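Before any comments, here is the structure.
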Amino acid sequence: MNKSLLPLQSNCGREKNVIGKEALVKLLRWHFGHSDFRGKQLEAIEAVLSGRDCFCLMPTGGGKSMCYQVPALTKPGIVLVVSPLIALMENQVSTLKEKRIPAEFLSSTQTVLVKNKIYEDIESGKPAVRLLYVTPELIATSGFMSKMTKIHARGLLNLIAVDEAHCISSWGHDFRPSYRKLSSLRSHFPNVPVLALTATAVPKVQKDVIESLNLQNPLVLKSSFNRPNIYYEVRYKDLLDDPYADVCKLLKSCGNVCAIIYCLERTMCDDLAIHITSSGISCHIMLG
Ligand SMILES: Nc1ncnc2c1ncn2[C@@H]1O[C@H](COP(=O)(O)OP(=O)(O)OP(=O)(O)O)[C@@H](O)[C@H]1O
């Protein structure tokens, strides 16, 4: 399975285990087909490969997963990825498998047989798997931690990535109590870099994430949330003679495009849809 992994032939830096930009770009192109790193990806990757903790704030769709998937391809051993949702893990693992990158996830949805096969591999001393996705609940179990401790003792735990890291903060909008258990990772595995990733950390949450995960002198990376292809305009409803007519005019001026309109209340959705339809624009209502 790992036959297709691109072997890194030479270390481009002076220090042992330092992998130069050129080799990392080569990995990115070979495995993912992207021509170059974007935003802060390379900085995050270089930080964790040098053994440094890193806090990475990138917008949704900014390419956070590359920050731990590329390091996983640089050497044998395991990158442990903590993810809050089984659906997210399944999705990432199947995408990686399609690219023939050895990845697995462990969750309550799997059969004992499947789980045992994964454990057999990671405990073999020469694991084929490079990325192991787990839930924070599993990290909290002593059975799993003792397996990880053995793997770590063999020098095979290369990186711990905590995805959606804002879930650890009770100040955040998405607090998950089970994420609190992750605070012990740093002391259990002192020399393994921890990479915290999120798209939604205001300064207070950011500080809380860094402290809760006990990140040591982390490299803090923040990408711009500005999307140059997105244009914002605010129109005050109270200042308009006929807000519905204004919306219809705006929609018509955009030509043959699809638009989503969010309303605060169901009645407003109904009213607006009637106006839009009667102005000759096809329209449907979706209620949450
Ligand atoms: N360097 C790159 N060049 C081009 N495309 C990239 C690059 N890195 C990532 N992508 C693409 O960007 C998309 C989003 O990446 P990814 O899912 O990692 O984002 P994310 O930040 O984890 O998003 P989310 O916040 O939704 O979890 C994917 O389709 C991925 O293939």
Side-chain angles (χ1 to χ4, degrees), residues 48-49 51-56 65 67-69 71-72 74-90 92-93 96 102-170 172 174-198 208-218:
V48 296
L49 288 178
R52 188 169 175 191
D53 288 347
C54 181
F55 174 90
C56 194
S65 44
C67 301
Y68 53 83
Q69 289 175 354
T74 60
K75 59 178 173 180
I78 289 168
V79 168
L80 187 66
V81 185
V82 183
S83 179
L85 291 174
I86 293 171
L88 275 180
M89 297 198 284
E90 279 178 348
Q92 286 220 7
V93 168
L96 288 166
E104 297 291 350
F105 69 93
L106 285 165
S107 85
S108 51
T109 56
Q110 286 159 313
T111 62
V112 174
L113 206 70
V114 171
K115 281 189 217 175
N116 285 347
K117 220 171 147 220
I118 296 168
Y119 283 132
E120 210 175 283
D121 173 55
I122 61 175
E123 291 181 301
S124 67
K126 275 191 168 191
V129 72
R130 292 291 182 92
L131 290 130
L132 181 65
Y133 287 74
V134 296
T135 55
E137 286 80 9
L138 189 64
I139 298 267
T141 64
S142 56
F144 182 75
M145 278 309 270
S146 80
K147 287 186 200 308
M148 278 299 123
T149 305
K150 276 187 213 152
I151 290 158
H152 176 241
R154 290 172 169 162
L156 290 169
L157 183 58
N158 293 334
L159 170 66
I160 298 166
V162 181
D163 209 0
E164 312 292 350
H166 58 276
C167 293
I168 201 170
S169 174
S170 51
D174 219 1
F175 176 53
R176 286 268 300 255
S178 53
Y179 260 67
R180 281 275 162 210
K181 307 267 166 48
L182 303 180
S183 56
S184 63
L185 284 171
R186 167 46 64 241
S187 51
H188 265 101
F189 310 115
N191 57 343
V192 179
V194 175
L195 170 64
L197 304 135
T198 177
D208 198 20
V209 169
I210 290 173
E211 283 172 6
S212 305
L213 286 173
N214 291 315
L215 301 189
Q216 302 298 303
N217 181 32

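Note that the coordinates shown come from a computational prediction; the quantities given were computed from them, not determined experimentally.
- The distance from the CZ atom of F175 to the OG atom of S169 is 8.0 Å, given to the nearest 0.5 Å.
- Residues satisfying the side chain to side chain donor-acceptor pair (under 3.5 Å) criterion with E164, sequence neighbours excluded, are absent altogether.
- Distance check, rounded to the nearest 0.5 Å: OH of Y68 to CG of D163 gives 4.0 Å.
- Looking at every heavy atom in both residues, A196 comes nearest to V209 through CB-CG1, 4.2 Å.
- Considering all non-hydrogen atoms of both residues, L159 and P193 come closest at CD1-O, 3.3 Å.
- Side-chain contact between V162 and I168 is absent, with no heavy-atom pair separated by less than 4.5 Å.
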Quiz item: For I122 and E104, what are the C-alpha separation, side-chain angles and deciding distance, and is it a side chain to side chain contact (heavy atoms under 4.5 Å, CB included)?
Solution: CA-CA 10 Å; I122 61 175; E104 297 291 350; over 6 Å; no
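- Sorted by first and then second residue, the ring-ring contact (aromatic ring centres under 6.0 Å, His included) pairs with a member in residues 107-132 form an empty list; sequence neighbours excluded.
- In this structure, CD1 on I160 lies 10.5 Å from NE2 on H188, to the nearest 0.5 angstrom.
- Here the closest heavy-atom approach between residue G125 and residue P127 is recorded as C-CD, 3.5 Å.
- Nearest heavy atoms, L185 versus M145: CD2-CE, 4.2 Å.
- Sorted by first then second residue, the side chain to side chain donor-acceptor pair (under 3.5 Å) pairs that include residues 148-158, not counting sequence neighbours, are H152-N191.
- The two residues A128 and D121 come nearest to each other via the heavy atoms N-OD1, 2.8 Å.
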Please list, one pair per line, the donor and acceptor atoms closer than 3.5 Å that link side chains of residues 210-217 to other protein atoms, with sequence neighbours excluded.
from: E211; atom 1: OE2; to: K207; atom 2: NZ; distance (Å): 3.2
from: S212; atom 1: OG; to: R180; atom 2: NH1; distance (Å): 3.0
from: S212; atom 1: OG; to: D208; atom 2: O; distance (Å): 2.6
from: S212; atom 1: OG; to: D208; atom 2: OD1; distance (Å): 3.3
from: N214; atom 1: ND2; to: S183; atom 2: O; distance (Å): 3.1
from: Q216; atom 1: NE2; to: N214; atom 2: O; distance (Å): 2.8

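- Under the 3.5 Å distance criterion, the side-chain polar atoms of D53 are matched with a main-chain donor or acceptor of V194.
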Quiz prompt | CA sep, side-chain torsions, deciding dist, call: I151, I78, side chain to side chain contact (heavy atoms under 4.5 Å, CB included) | solution = CA-CA 9 Å; I151 290 158; I78 289 168; 4.2 Å; yes
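- Summarising the geometry of A103 relative to V93, their closest heavy-atom pair is O-CG1, 3.5 Å, with the distance given to 0.1 Å.
- Taking Y179 as the reference, nothing meets the side chain to side chain donor-acceptor pair (under 3.5 Å) condition, with sequence neighbours excluded.
- In this structure, K115 places its NZ atom where more than 12 heavy-atom neighbours from other residues, nucleotides or ligands lie under 6.0 Å away.
- Contacts classified as salt bridge (charged side-chain N to carboxylate O under 4.0 Å, His left out) and involving residues 132-148 (residues at least two apart or in different chains) are given here: E123-K147, E137-R176.
- Partners of S146 under the side chain to side chain contact (heavy atoms under 4.5 Å, CB included) rule, at least two apart in sequence or in another chain, do not exist in this structure.
- Residues that satisfy the side chain to side chain contact (heavy atoms under 4.5 Å, CB included) test with T141, not counting sequence neighbours, are L138, F144.
- The CE atom of M89 lies 13.0 Å from the CG atom of L131; values are rounded to the nearest 0.5 Å.
- Annotation: side chain to side chain contact (heavy atoms under 4.5 Å, CB included) contacts of T198 (sequence neighbours excluded): F55, L57, H166, T200, A201.
- Every side chain to side chain contact (heavy atoms under 4.5 Å, CB included) that T109 has, sequence neighbours left out, goes to I86, E90, F105, S107.
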Quiz item: Run the side chain to side chain contact (heavy atoms under 4.5 Å, CB included) check on C56 and L195 step by step: do they pass?
Solution: CA-CA 7 Å; C56 194; L195 170 64; 4.3 Å; yes
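- Considering only heavy atoms from C-beta on, F189 stays 4.5 Å or farther from L80 through its side chain.
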Quiz prompt | Test side chain to side chain contact (heavy atoms under 4.5 Å, CB included) applied to L132 and M148, step by step | solution = CA-CA 11 Å; L132 181 65; M148 278 299 123; 3.8 Å; yes
